[in-house]
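Whatever order the structure lists them in is the order used to number ligands and atoms, beginning at 1.
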Amino acid sequence: MSSSIKSTNIVEVHHHVTCEARADLNRHRGGVLWLTGLSGSGKSTIAMELERQLFNKRWQVYVLDGDNVRHGLCSDLGFSPGDRTENIRRVGEVAHLFAKAGLLVVTAFISPYRADRERVRQMGPAQFHEIHVATPLDVCEQRDPKGLYEKARRGEIPDFTGISAPYEPPEAPELRLNAENCTIDRTLTTLVAYVERTFALPSDQVSVGHVAS
Ligand SMILES: Nc1ncnc2c1ncn2[C@@H]1O[C@H](COP(=O)(O)OS(=O)(=O)O)[C@@H](OP(=O)(O)O)[C@H]1O
Ligand SMILES: Nc1ncnc2c1ncn2[C@@H]1O[C@H](COP(=O)(O)OP(=O)(O)O)[C@@H](O)[C@H]1O
């Protein structure tokens, strides 16, 4: 974990293109939609389908997914509490950078610790919306799309979330998806409407030319 700051004598460089100018161009604000939930709860399925539907509506949108990020940026991290915290810190920083670049970032990480998710919320300045994919453990275990619960029950995966490692559900997420009782289609309808309500610019909002010369 990199808790101590080693970068000193750093002076911030300012962009000439403002966040407002990017939003004007895209017709939506940048932001972070943070999906959290157990393995098998539906995070990746929902995130990728949301990306596809928003892309088809010409949104600037990108998914950061746990399994993918752990192949590169976070390939040095495992699943101890400290490594998970560092994983979420790095992803949070990247998500906020993308959001400042004007994108709607959809993240799909278990992110089991409340404090880690709260730290990402506080990173700002982009809007952070916590979405709990609230599928219960028994349903996730029944689905077991990657066979990981079976392995974890056999003791072959240590520190497996929900089995031998904790998951702290959000207490007041911006949105809770009960994917257990809802089809993928209905979940997506709810989410797309939520995103449009929250991040789209009103169609009558006129560009005011925010790009500095
Ligand atoms: N011990 C343990 N616990 C939980 N998950 C495990 C573990 N080992 C490997 N995997 C696989 O890693 C994926 C979770 O990675 P994340 O980066 O989302 O995890 S975390 O947010 O840092 O907790 C997770 O992906 P999802 O099933 O999509 O959630 C698993 O495929
Ligand atoms: N309503 C639903 N929402 C999301 N996924 C669902 C739903 N019903 C069934 N599933 C299935 O559950 C599995 C969820 O796996 P995945 O998206 O990889 O979860 P996670 O990324 O949280 O580990 C997929 O096989 C998906 O088809």
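In the vicinity of T45, heavy-atom distances shorter than 4.0 Å reach the ligand 2 atoms 14 (C), 15 (O), 16 (P), 17 (O), 24 (C), 26 (C). Listed by number with element, the atoms of ligand 2 under 4.0 Å from a non-hydrogen atom of S39 are 23 (O). Close approach to L148 involves these atoms of ligand 1, each under 4.0 Å from a residue heavy atom: 30 (C), 31 (O). Near T183, with a cut-off below 4.0 Å to any heavy atom, the atoms of ligand 2 are 1 (N). The ligand atoms of ligand 1 that sit less than 4.0 angstrom from a heavy atom of T161 are 3 (N), 4 (C).
Residue contacts with ligand 1, taken as heavy atom pairs separated by less than 4.0 Å, involve I88 solely via side-chain atoms from C-beta onward. Proximity of I157 to ligand 1, defined as any heavy-atom pair under 4.0 Å, is confined to the side chain (atoms from C-beta onward). Of all the heavy atoms of D67, the ones lying under 4.0 Å from any atom of ligand 1 belong exclusively to the side chain. The part of P158 lying near ligand 1 is the backbone, judged by heavy-atom distances below 4.0 Å. Contacts of L77 with ligand 1, taken as heavy-atom pairs under 4.0 Å, are absent altogether. When heavy-atom distances to ligand 1 are checked against a 4.0 Å cut-off, F109 comes that close through both its backbone and its side chain.
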Review point. Given K146 and D67, is the side chain to side chain contact (heavy atoms under 4.5 Å, CB included) satisfied, shown in steps?
Key: CA-CA 12 Å; K146 301 172 195 160; D67 278 311; 2.6 Å; yes
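For atom 2 (C) of ligand 2, the nearest non-hydrogen atom from the set T161, D67, I184 belongs to I184. For atom 25 (O) of ligand 2, the nearest non-hydrogen atom from the set G40, A108, G42, P145 belongs to P145.
A donor and an acceptor atom, one from each side chain of E130 and H132, are nowhere located under 3.5 Å apart.
Annotation: I110 places an N or O atom under 3.5 Å from an N or O atom of ligand 1; distance criterion only. In terms of N/O distances under 3.5 Å, ligand 2 is not approached by T187.
Figure legend: R154 and Y149 shown without cation-pi pairing, the cationic atom not lying both under 6.0 angstrom from the six-membered ring centre and within 45 degrees of its axis.
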